[in-house]
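Heads up: the structure comes next, in structure tokens.
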Amino acid sequence: MYNLVEIFESLQGEGRNTGRPCVFLRFAGCNLACPWCDTDRTARFTLSLADLVREVKTFRAKSVILTGGEPTLVDGMPELVAALKREGYWIAVETNGTREPDWLAFVDYVACSPKAEYPDRLALTRADEVRVVASSEAVVAFCAAVRARLAATDYYVSPCDRDGTIDFATAKSVLARLDGWSLSVQLHKILGFR
Ligand code: SF4
């Protein structure tokens with residue numbers, strides 16, 4: 001059984017896949033507690049594997065984003081990934097990078113958002129994109145450490161959102177001191193879509 005917060009269809013709002021129509025599966029639970037986190041991580045309902053796949057198929061998008069919370073904590077993820085692959089879905093995972101389960105090798109896209117507040121928790125070694133939230137100026141050193149440990153195609157800095165106030169100034173300042181990083185905004189928050 002899978003503990004979920006919500007399932008909905010929208011456009012990916014950040015990173016390289018911005019604008020891609022996707023079904024979002026938000027799983028409950030996280031192993032971190034970032035001070036600025038605005039994500040609901042409380043389980044709202046539980047579904048079996050068959051019911052979860054059936055629910056995904058009610059939406060039009062043929063891409064799925066496994067997010068959270070922290071989806072790498074979820075039991076039964078290899079079975080879910082295999083079932084969605086059998087149905088022809090493109091699958092992305094959004095992870096905080098604290099775990100590197102084997103099933104990540106079978107998804108199409110890994111977006112990792114390691115947290116500067118937990119510099120020693122980064123376990124992931126490969127991803128497609130990395131997004132670091134610019135929660136303070138100190139993130140510059142963290143980004144350099146992340147780049148040395150986590151191989152990815154794209155590296156992004158995201159403005160920190162504290163209670164609806166988006167801190168673009170710190171993100172801009174951080175980016176000015178880094179090479180090879182670019183800005184990723186949370187377009188869904190700016191444009192007001194989910
Ligand atoms: S890793 Fe993500 S979901 Fe977990 S506490 Fe941090 S911001 Fe929230």
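When reading the values below, keep in mind they use all heavy atoms of this one structure, side chains included, and skip hydrogens, waters and symmetry mates. We're numbering straight along the sequence, starting at 1. In listed order, ligands and their atoms are each counted from 1.
In this structure, K172 does not pair ionically with D167, as no charged nitrogen and carboxylate oxygen lie closer than 4.0 Å. Ion pairing between E70 and R99 fails under the 4.0 Å rule for side-chain N and carboxylate O. In summary, K57 and E87 engage in a salt bridge, as defined by a charged side-chain N under 4.0 Å from a carboxylate O. A salt bridge is defined here as a Lys NZ or Arg NE, NH1 or NH2 lying under 4.0 Å from an Asp or Glu carboxylate O, and D108 with K85 meets this definition.
The protein heavy-atom contact nearest to atom 8 (Fe) of ligand 1 is C37 SG, 2.3 Å.
Residue C30 holds the heavy atom nearest to atom 1 (S) of ligand 1 of all those in S113, C30, S135, P114.
Contact atoms of ligand 1 toward N96: 1 (S) (distance under 4.0 Å to a heavy atom of the residue).
Within the 2.8 Å limit, C34 places no N, O or S atom next to atom 8 (Fe) of ligand 1.
Residue contact check for ligand 1: R41 places a non-hydrogen atom closer than 4.0 Å to it.
Proximity of E70 to ligand 1, defined as any heavy-atom pair under 4.0 Å, is not found for any part of the residue.
Residue R44 holds its CZ atom at 14.0 Å from CD1 of I7, rounded to the nearest 0.5 Å.
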